[in-house]
*Asks:* 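The following block contains the structure, expressed as structure tokens.
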Amino acid sequence: MKNGAASEAANSKPQVRMKILRQFVRDLSFENVVGVESPANPSQPNISVQVGLDAQKTSAENQYSVSVKLNIKSTAKEGDDNLFLMELDYVGLFEIEGVDEPRMHPFLLIECPRLLFPFVRRIVSDVTHDGGFPSLNLENIDFAKIYSDEVQRRRAAADDQPASSAEDTNN
């Protein structure tokens, strides 16, 4: 009897269904700054990776566009000389059902980028190799931490906003 009640409760929750309809490179830029002067055996460079995420509802029902934007800069260890610069904007078009409104925003900015990331990683690896450098194999990105950090940053900014406007009115 308990098993029947548990399965009935599980069936009453809406099932999350997600389908990737399309994915594509929206924008890609790679600049080999050192060109032919790049060393044959470069020392281990410093790599800086900045990640940006964006999600938007499309005009179709239950469809969302999710973008993973990377800005990668490689500098020589010995100095601040840039070796290469890369920008990538990779987009997935998703159909999502069974996610309630309060959970949709984190779902779009955590789960969808997780599905896109292996493709982003391959593109970065291929482009850096084709650009004359050793393939850059990106480490896994913790999209949940990025989302959490952004939520905290926005809360802190919102908390600071009333305080500064209250100070302005008291003067």
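We're numbering straight along the sequence, starting at 1. Any value given below was found using the heavy atoms of this structure, including those in side chains, with hydrogens, waters and symmetry copies removed.
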*Asks:* For Arg17, is the CZ atom crowded, meaning more than 12 foreign heavy atoms sit under 6.0 Å from it?
*Replies:* no
*Asks:* Hey, could you give me each pair passing ring pair (Phe, Tyr, Trp, His ring centres under 6.0 Å) that has a residue in residues 91-123? Not counting sequence neighbours.
*Replies:* His105-Tyr147
*Asks:* Measure from the side-chain N and O atoms of Arg121 to the backbone N and O of Leu138, and report whether any donor-acceptor pair falls under 3.5 Å.
*Replies:* yes
*Asks:* Show, in sequence, the C-alpha distance, side-chain angles and deciding distance for Arg103 and Asp100, and conclude whether the side-chain contact (heavy atoms from CB on, under 4.5 Å) test is met.
*Replies:* CA-CA 6 Å; Arg103 294 184 339 180; Asp100 57 2; 3.1 Å; yes
*Asks:* Between Leu83 and Pro45, which heavy-atom pair has the shortest distance, and what is it?
*Replies:* CD1-CB, 3.6 Å
*Asks:* Can you label the angle between the Phe133 ring and the Phe84 ring as parallel, tilted or perpendicular, going by 30° and 60°?
*Replies:* tilted
*Asks:* Could you tell me whether Asp149 and Lys145 have a side-chain N and a carboxylate O separated by less than 4.0 Å?
*Replies:* yes
*Asks:* Once you round to the nearest 0.5 Å, how far does CG of Leu136 lie from CD1 of Ile72?
*Replies:* 5.5 Å
*Asks:* If you look at every heavy atom in Arg114 and Ala144, which pair is closest and at what distance?
*Replies:* NH2-CB, 3.9 Å
*Asks:* Can you tell me which residue among Val120, Asp126, Val124 is in a side chain to side chain contact (heavy atoms under 4.5 Å, CB included) with Arg122?
*Replies:* Asp126
*Asks:* Hey, any chance Ile20 and Ile96 share a hydrophobic cluster, counting ILVMFWY side chains that come within less than 4.5 Å of each other, even indirectly?
*Replies:* yes
*Asks:* Please report the C-alpha distance between Leu115 and Met18 in whole Å, then the side-chain angles of each, then the deciding distance to 0.1 Å, and finally whether the side-chain contact (heavy atoms from CB on, under 4.5 Å) criterion is met.
*Replies:* CA-CA 11 Å; Leu115 290 175; Met18 177 171 53; 3.1 Å; yes
*Asks:* As a quick check of understanding, evaluate side-chain hydrogen bond (donor to acceptor under 3.5 Å, both in side chains) for Asn137 and Ser125, giving each step before the final call.
*Replies:* CA-CA 6 Å; Asn137 188 23; Ser125 176; 5.8 Å; no
*Asks:* Tell me whether Ile123 shares a hydrophobic cluster with Leu116, the cluster being built from Ile, Leu, Val, Met, Phe, Trp, Tyr side chains joined at under 4.5 Å.
*Replies:* yes
*Asks:* Are side-chain N/O atoms of Asn82 and Thr75 paired as donor and acceptor at under 3.5 Å?
*Replies:* no
*Asks:* Measure across Gly98 and Val16 and return the closest heavy-atom pair with its distance rounded to 0.1 Å.
*Replies:* O-CG2, 3.5 Å
*Asks:* If hydrophobic clusters are built from ILVMFWY residues whose side chains come within less than 4.5 Å, do Leu28 and Leu85 share one?
*Replies:* no
*Asks:* So, do Thr128 and Pro134 sit near enough that their side-chain heavy atoms are less than 4.5 Å apart?
*Replies:* no
*Asks:* Just checking Lys19: does its NZ atom have more than 12 heavy atoms from other residues, nucleotides or ligands closer to it than 6.0 angstrom?
*Replies:* no
*Asks:* Start with the C-alpha distance between Glu87 and Phe30, add both sets of side-chain angles, then the distance that settles side-chain contact (heavy atoms from CB on, under 4.5 Å), and finish with yes or no.
*Replies:* CA-CA 7 Å; Glu87 293 178 0; Phe30 182 84; over 6 Å; no
*Asks:* Nearest 0.5 Å, what's the CG-CG distance between Leu93 and Leu21?
*Replies:* 5.0 Å
*Asks:* If you look at every heavy atom in Ser65 and Val91, which pair is closest and at what distance?
*Replies:* OG-CG1, 3.5 Å
*Asks:* Between Val34 and Asp81, is the side-chain contact (heavy atoms from CB on, under 4.5 Å) condition met? List the steps.
*Replies:* CA-CA 9 Å; Val34 292; Asp81 296 334; 5.8 Å; no
*Asks:* Between atom OH of Tyr90 and atom CD of Gln23, what is the distance when rounded to the nearest 0.5 Å?
*Replies:* 3.5 Å
*Asks:* Donor-acceptor pair, Ser29 side chain versus Met86 backbone, under 3.5 Å?
*Replies:* no
*Asks:* Enumerate donor-acceptor pairs with a distance under 3.5 Å from any side-chain N or O in residues 47-56 to protein atoms, sequence neighbours excluded.
*Replies:*
{"from": "Asp54", "atom 1": "OD2", "to": "Gln56", "atom 2": "NE2", "distance (Å)": "3.3"}

*Asks:* For the CG atom of Leu109 and the OG atom of Ser148, what is their distance to the nearest 0.5 Å?
*Replies:* 12.5 Å
*Asks:* Are Met104 and Tyr64 close enough that some pair of their side-chain heavy atoms sits under 4.5 Å apart?
*Replies:* yes
*Asks:* Rounded to the nearest 0.5 Å, what separation is found between the CD atom of Glu95 and the CG atom of Asn62?
*Replies:* 6.5 Å
*Asks:* Determine, using the 4.5 Å side-chain heavy-atom cutoff (strictly less than), whether Val68 and Ile146 are members of one ILVMFWY cluster.
*Replies:* yes
